[in-house]
Amino acid sequence: MRGPGDPDLLTVKALRALQDADIVFYDELVSAEILDRIRRDAARVPVGRRVGKPGIGQDAINTRLIDAAKSGQRVVRLKGGDAFVFGRGGEEVEALRSAGVACSVVPGITAGLAARRNSRCR
């Protein structure tokens with residue numbers, strides 16, 4: 001796979017987060033190749049939605065993230081695309097912080113940079 005979604009474009013920090021997580025909540029846009037980078041014994045919880053099918057809703061996602069973190073699990077919320085443009089990343093960060101859960105954002109490689117990387121001659 002080339003371009004956005006290519007597992008070889010994960011940052012070292014993102015890969016480390018996937019390997020350290022006890023539970024990963026992920027969107028439908030995340031490729032199987034990236035899901036394969038999650039630690040084998042970590043729980044994988046799909047929370048995305050597909051066109052024409054209802055999702056669980058943002059409030060339910062926020063509650064699951066908060067509950068998992070407060071139970072002592074190392075939580076990763078894995079998103080495809082830009083989480084702060086269309087992915088409600090801001091709402092999730094706000095909900096976590098309001099609940100007293102410390103969190104950090106690990107950005108991925110932007111589509112523009114990925115396209116530039118893959119347009120080079122080899």
Side-chain angles (χ1 to χ4, degrees):
M1 175 184 278
R2 301 212 187 271
D6 184 338
D8 290 335
L9 293 177
L10 288 171
T11 63
V12 173
K13 189 171 187 177
L15 183 58
R16 191 175 308 124
L18 293 175
Q19 290 291 303
D20 290 343
D22 297 314
I23 186 168
V24 177
F25 296 91
Y26 65 93
D27 284 341
E28 292 292 331
L29 293 175
V30 177
S31 70
E33 294 84 3
I34 289 178
L35 294 175
D36 286 344
R37 303 296 201 275
I38 298 170
R39 193 178 83 212
R40 297 217 185 275
D41 63 335
R44 298 173 187 207
V45 182
V47 294
R49 60 179 184 203
R50 288 194 173 264
V51 174
K53 295 183 180 179
I56 66 169
Q58 192 60 53
D59 289 339
I61 293 170
N62 294 347
T63 298
R64 288 181 181 194
L65 293 170
I66 292 164
D67 290 348
K70 286 190 169 188
S71 75
Q73 296 182 78
R74 290 172 295 193
V75 179
V76 166
R77 174 63 167 104
L78 183 57
K79 292 177 160 284
D82 190 324
F84 293 93
V85 174
F86 300 111
R88 297 209 164 165
E91 290 95 328
E92 292 173 4
V93 168
E94 184 177 324
L96 289 163
R97 290 183 177 158
S98 292
V101 175
C103 64
S104 62
V105 175
V106 178
I109 304 295
T110 67
L113 291 175
R116 179 174 158 76
R117 174 190 177 271
N118 288 313
S119 67
R120 293 186 184 145
C121 295
R122 302 210 192 272

As an exercise, state the distance from [atom1] of [X] to [atom2] of [Y], rounded to the nearest 0.5 Å.
X	Y	atom1	atom2	value
Ile61	Ile66	CD1	CD1	12.0 Å
Ser71	Ile23	OG	CD1	7.5 Å
Ile38	Asp20	CD1	CG	12.5 Å
Asp27	Arg88	CG	CZ	11.5 Å
Asp8	Arg37	CG	CZ	6.0 Å
Leu18	Lys13	CG	NZ	13.0 Å

Query - Exceeds 12 heavy-atom contacts within 6.0 angstrom, atom CD of Gln19 - result: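 Correct, the count exceeds 12.
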**Report entry** Pair Asn62-Glu92, side chain to side chain contact (heavy atoms under 4.5 Å, CB included): steps then yes or no
**Finding:** CA-CA 6 Å; Asn62 294 347; Glu92 292 173 4; 3.3 Å; yes
**Report entry** Identified side-chain contact (heavy atoms from CB on, under 4.5 Å) partner of Arg77 from the options Leu96, Val47, Val24
**Finding:**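 The single option meeting the side-chain contact (heavy atoms from CB on, under 4.5 Å) with Arg77 is Val47.
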Within one Ile-Leu-Val-Met-Phe-Trp-Tyr cluster: [X] and [Y], side-chain cutoff 4.5 Å:
X	Y	value
Ile34	Tyr26	yes
Val45	Ile56	yes
Val101	Val93	no

Minimum heavy-atom separation for [X] to [Y], with atom names?
X	Y	value
Val75	Ala69	CG2-N, 3.6 Å
Asp22	Gly72	OD2-O, 4.3 Å
Glu33	Pro7	CB-CG, 3.5 Å
Ala21	Ala42	O-CB, 3.4 Å

Requested in this report: For side chain to side chain contact (heavy atoms under 4.5 Å, CB included), just list the numbers for Leu78 and Leu35, CA-CA rounded to whole Å, side-chain angles, deciding distance to a tenth of an Å, and then say yes or no.
Outcome: CA-CA 9 Å; Leu78 183 57; Leu35 294 175; 4.1 Å; yes
Report task. Let me see the working for Arg16 and Thr11 under side chain to side chain contact (heavy atoms under 4.5 Å, CB included), right down to the final yes or no. Result -> CA-CA 9 Å; Arg16 191 175 308 124; Thr11 63; over 6 Å; no
